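What you see is a predicted model; the values in this text were computed from it and never measured. Within every chain, numbering begins at 1; the chains are lettered A, B, ... in the order of the sequence lines, protein sequences first and strands thereafter. Worth knowing before you read on, the calculation uses all heavy atoms, side chains too, and leaves out hydrogens, waters and symmetry mates.
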Number of protein chains: 2
Amino acid sequence: MTFDEVLADLQAQAKTTKHAETGLWVAAQLRSRIEAGKLKPGSKLAEEALCEALGVSRNTLREAFTALHAEHIVTRIPNRGVFVAHPTADDVREIYRVRRFLEPAAVLWAGDTSMERLSGIIKAARAAAAEGDISGMASANQDFHRAIVDRAGSERLNSLMDQVLAEMRLVFHSMAANPAFHEPYVEDNAKIVELLEAGNLAAAADFLAAYLDRAEAQLLAAVER
Amino acid sequence: MTFDEVLADLQAQAKTTKHAETGLWVAAQLRSRIEAGKLKPGSKLAEEALCEALGVSRNTLREAFTALHAEHIVTRIPNRGVFVAHPTADDVREIYRVRRFLEPAAVLWAGDTSMERLSGIIKAARAAAAEGDISGMASANQDFHRAIVDRAGSERLNSLMDQVLAEMRLVFHSMAANPAFHEPYVEDNAKIVELLEAGNLAAAADFLAAYLDRAEAQLLAAVER
DNA sequence: AAACCGACGATTGTTCAACAATCTCGCGAC
DNA sequence: GTCGCGAGATTGTTGAACAATCGTCGGTTT
């Protein structure tokens, strides 16, 4: 999708929707379009055009920009404007540094374990895999890791994980997506659930850590090209 | 310190200091005064008075407010204004939920270990304890836990930990501070460094986890009064 | 012909003042 | 004594203005 098409899209939204907290609403609109891949990494987000399209003032738009900037979704270059973030190899390393801590820790030390949710996600992932639904597998995978961290029951860890997963989506959008990328992870996730159900937390955490290392290496190879 | 006194203080700062990034500068001014305890939890931060004192527009002040709000340092009540955050028992539980994950994980899985920094902090803490320097012990303690997480080498985990520690300072300000609170932790921290130096990571992590549980219980008892 | 240099136009950074929406407080009626 | 209502005050949001910076397009120099 080109920037102009997104503009028209946003303009349509602006007329139909009420905005309670305008700044947050604008941020949400942009976030969803960036994460859906409609605004590609590197795109410039011109202020005036977006203001007009959304029907908000520059002031409000800039408030949304600061929120998105804090989430690492956009990059600000002083006096140049804001751009959809374009994750570098270092960003990928940072993402996995966080995930290597959060996810194994959540597996090992989570208190209450609601397994139904995890098995439900595995089921959905297998269904998507069966019919070759790439985006279905991708979102099931994100749901899975989100649910792993959610076991910790911490709002802040959840929001950190959400940010990291959002940046992961940007990574996928910024490289030529290998369609088969997510396929092997469906069964890896299933194995983790198995180990968890068997109560073998240490094995689950180890397997997850190795899995994350592998994924990081794979993504780094793809990004550094 | 009363709100009016802080106002006069800010006004003095406003005349002498240059502000490069005005919004961030205002946020920093307020942050430092809140963390120093000059603005007590629950205080209302009136917009007009602060604008005048700092010599900035309401718009700029509100930009600072959103930054402080994202850090959980202030609370926003719609159409009511912003207040210095007043941590509840649930907030304390959330803080320790995060720390129980981050710190033991950092102990167990940190790659490069620069021990000199940790032992330096222990030394400073012991010096402060020797001369009964309460705030010296408090800040050494914060430095210690900050350094533990820093071993992970992740910018995002560091900033999460910084936020949590800032909220911890608010907790201390919102309750009648027990002067002897930090004293026993000086030697607890020292023991963790010992275990780390001996390469016994698992024991260090276990000890740290138990230590955090104890501190949480202690703070909860103090807050729920 | 290629490279350097300066003025112009465009975009962003920052501030201000005004208007609309909502809340608080005090007064009067029941 | 309690409820409802209106005036005053405070916050939410916007639009416009001005300053600062960057990219581009000529023109000049070597």
- Item | R214(B) and Q218(B): side chain donor to acceptor below 3.5 Å | no

- Item | E167(B) CD to I73(B) CD1 distance, which is reported to the nearest 0.5 Å | 8.5 Å

- Item | Length of the line joining R80(A):CZ and dT12(C):P, which is rounded to integer Å | 10 Å

Show me the protein contacts with nucleotides 17-21 of chain D, counting only N or O atoms at under 3.5 Å.
{"from": "dT21(D)", "atom 1": "O3'", "to": "N79(A)", "atom 2": "ND2", "distance (Å)": "3.3"}

- Query: Can you tell me how far C1' of dG12(D) sits from CD of E48(B), to the nearest Å?
  - Reply: 14 Å

- Scan side-chain atoms only and decide if D213(B) and Y96(B) contain a donor-acceptor pair under the 3.5 Å cut-off. no

- Item | dT15(C) phosphate, OP1 or OP2, under 4.0 Å from S57(B) side-chain N/O | no

- Atom CD of E47(B) to atom P of dA18(C): distance rounded to whole Å? 17 Å

- For the residue pair D91(B) and T88(B), confirm or rule out a side-chain donor-acceptor distance under 3.5 Å. yes

- Message: I need the CG-C1' distance between N59(A) and dC19(C), as an integer number of Å.
- Response: 15 Å

- Message: Please determine whether a side-chain nitrogen or oxygen atom of T60(A) lies at a distance below 4.0 Å from atom OP1 or OP2 of dT13(D).
- Response: no

- Item | H145(A)/Y185(A) aromatic ring centres below 6.0 Å | no

- Message: Check this one for me: any side-chain N or O of R62(B) less than 4.0 Å away from OP1 or OP2 of dG12(D)?
- Response: yes

- Message: Please report the distance, rounded to the nearest Å, between CG in L61(B) and C1' in dC16(C).
- Response: 14 Å

- Query: Pick from R31(B), E35(B), Q29(B): which one makes a side-chain contact (heavy atoms from CB on, under 4.5 Å) with R33(B)?
  - Reply: Q29(B)

- Using whole Å, report how far CD of E63(A) lies from P of dG15(D). 14 Å

- Query: In whole angstrom, what separates I77(A)'s CD1 from dG13(C)'s P?
  - Reply: 10 Å

- Query: Ignoring hydrogens and geometry, is there a side-chain-to-backbone donor-acceptor pair from R156(B) to L160(A) under 3.5 Å?
  - Reply: no

- Message: In whole Å, I'd like the distance from the CG atom of L45(A) to the C1' atom of dT12(C).
- Response: 13 Å

